[in-house]
Amino acid sequence: MMKMTQLTPLASRRQLLLSGLALALLPVKPLQAKTEDATLKVASRQSKPAPPPGNGKKIVMIDPGHGGIDSGAIGHEGSEEKHIVLEIANYIRHKLSSHKGIEVRLTRESDHFIPLFQRVEIAHQHGASLFMSIHADGFTSPDANGASVFALSNRGASSAMARYLSDKENAADEAGGVKAAEKDHYLQQVLFDLVQTDTIKNSLTLGKHVLNQIRPVHHLHSQHTEQAAFAVLKSPSIPSVLIETSFITNPAEERLLGTTAFRQKIAGAIVDGIVSYFDEFDRHNRRPG
């Protein structure tokens, strides 16, 4: 059975740290994913990551941002982020599912609210090889434009924009009435920063591959993967990125996001980035020694 959740080889010290982290977690009742109104239901506490599926397939968890009472950013013409990103996520699932050896799952398949930490939990329960949150965010100025890719930072944001967007995204739970103490259990783990190091490296690698594929088809707001403390990216073991496909608060990009052609084009670029990332992973694993 091939474990696909890490690109960087794990050292014995890191395995020991992961074991320590697992022991530090509160006991939780095992969960089984259920489909109800095309949604995945999970418990309110993070569980130990599930092993990869026995069929050897890589599990890609796509997370359409926001949903339900949380509309996300709203454009000048009334477009809501939650609807746009769900459609882009479905295009990603359709295009990526045609690739052999990959299974795609969504954290939400309909317009409903999911707390940020539960999105991470869904990925853990499905033994995901990577996690990707899809957004079309807004900014205070309508001039902000272009696509961006973000990975987790545990040392502060890499730019003022990254800090602004992470603060904005991390406040999304407030729309659903989730208390602050329930949001982010991973930060309560003493070993988090040590365990997270390799995962962040792999997330940055994933971000690089996605940016390389978006660059030819859409303007980039930032030419490199930005970093900030996004709560939805805080899995200790699953490479995770957040993609801002465009700024919905930019009038031209709001119109662009409203077209099927652009949604399919950006979805195709994201899929190509994922496939390129897995190709590098496979080459790395086949390397002698």
Side-chain angles (χ1 to χ4, degrees), residues 37-39 62-93 106-120 122 131-150 157 159-180 183-184 210 214 217-222 226 228-233 241-267 269-270:
D37 297 328
T39 67
I62 303 297
D63 172 47
H66 308 283
I69 194 171
D70 174 21
S71 63
I74 300 176
H76 294 286
E77 298 299 322
S79 302
E80 293 183 321
E81 179 182 4
K82 64 177 182 177
H83 297 308
I84 290 172
V85 298
L86 179 58
E87 186 167 338
I88 292 174
N90 277 310
Y91 284 135
I92 293 172
R93 174 166 60 177
L106 304 187
T107 56
R108 69 177 180 95
E109 297 184 352
S110 60
D111 182 19
H112 71 282
F113 175 79
I114 304 176
L116 297 175
F117 73 89
Q118 284 194 2
R119 296 171 188 258
V120 181
I122 291 170
F131 175 93
M132 186 171 288
S133 193
I134 308 298
H135 292 259
D137 217 330
F139 190 56
T140 54
S141 169
D143 295 329
N145 64 91
S148 305
V149 178
F150 298 87
S159 69
M161 178 64 81
R163 184 180 302 108
Y164 172 86
L165 291 177
S166 65
D167 289 345
K168 190 168 179 290
E169 294 296 349
N170 291 347
D173 277 353
E174 296 173 5
V178 179
K179 296 179 181 179
K183 288 182 182 179
D184 192 358
V210 173
I214 294 178
V217 302
H218 188 48
H219 172 71
L220 294 180
H221 183 78
S222 179
E226 296 276 4
F230 288 92
V232 78
L233 302 181
V241 296
L242 183 147
I243 300 174
E244 298 288 359
T245 55
S246 283
F247 282 85
I248 200 172
T249 47
N250 178 289
E253 293 200 340
E254 180 184 9
R255 291 191 294 271
L256 196 62
L257 286 163
T259 67
T260 298
F262 177 76
R263 295 178 185 184
Q264 290 185 338
K265 182 168 66 173
I266 200 73
I270 292 169

The side chain to side chain contact (heavy atoms under 4.5 Å, CB included) partner of I92 among I266, I134, I243 is I134
Of all residues at least two apart in sequence or in a different chain, which pass the side-chain hydrogen bond (donor to acceptor under 3.5 Å, both in side chains) check with H221? none
When every non-hydrogen atom of A73 is compared with those of G138, the smallest separation belongs to CB-N, 3.5 Å
Interatomic distance, OH@Y91 vs NZ@K265, rounded to 0.5 Å, equals 14.0 Å
Name the residue from E81, R108, K82, E80 that meets the side-chain hydrogen bond (donor to acceptor under 3.5 Å, both in side chains) definition with H66. E81
So how far is it from H218 NE2 to S246 OG, rounded to the nearest 0.5 Å? 3.0 Å
Closest heavy-atom pair, S71 versus I74, reported as atoms and distance to 0.1 Å, is OG-CD1, 3.7 Å
Donor-acceptor contact below 3.5 Å, side chain S222 vs main chain S148: no
Sequence neighbours excluded, the answer for side chain to side chain contact (heavy atoms under 4.5 Å, CB included) partners of L220 is A147, L211, I214, R215, Q223
Student check: side-chain heavy atoms of L242 and H135 closer than 4.5 Å: yes
Provide the closest heavy-atom pair for T249 versus S141 in the form atom of the first, atom of the second, distance. OG1-O, 4.5 Å
So, using side-chain hydrogen bond (donor to acceptor under 3.5 Å, both in side chains) as the criterion, who are the partners of E254 when residues are at least two apart? S79
Residue list, ring pair (Phe, Tyr, Trp, His ring centres under 6.0 Å) with F131, at least two apart or on another chain: none
Atom of A231, atom of V120 and distance for their closest heavy-atom approach: O-CG2, 4.1 Å
List in chain and number order the residues that pass side-chain hydrogen bond (donor to acceptor under 3.5 Å, both in side chains) with N145, two or more places apart in sequence or in another chain; answer none if no residue qualifies. H219
Rounded at 0.5 Å granularity, tell me how far CG in L233 sits from CG in L116. 10.0 Å
For T245, all residues meeting side-chain hydrogen bond (donor to acceptor under 3.5 Å, both in side chains), sequence neighbours excluded: none
Below 4.5 Å, heavy atoms only, C-beta onward: do N90 and R93 meet side chain to side chain? yes
May I ask you to test the H76-P142 pair for a side-chain heavy-atom distance under 4.5 Å? yes
Residue set satisfying side chain to side chain contact (heavy atoms under 4.5 Å, CB included) with T140, at least two apart, ordered chain then number -> Y164
Using only atom types and a distance under 3.5 Å, with no angle test, would you say the side chain of D63 pairs donor to acceptor with the backbone of M132? no
Does the side chain of E226 come within less than 4.5 Å of E244's, by heavy atoms? no
Under 3.5 Å donor-acceptor pairs involving side-chain atoms of residues 257-264, not counting sequence neighbours:
residue	atom	partner	partner atom	Å
T259	OG1	L256	O	2.7
T259	OG1	F262	N	3.2
R263	NE	L257	O	2.6
R263	NH1	E87	OE1	2.3
R263	NH1	E87	OE2	3.4
R263	NH2	L257	O	3.2

Look up atom OG1 in T107 and atom NE2 in H112, then write down how far apart they are to the nearest 0.5 Å. 7.5 Å
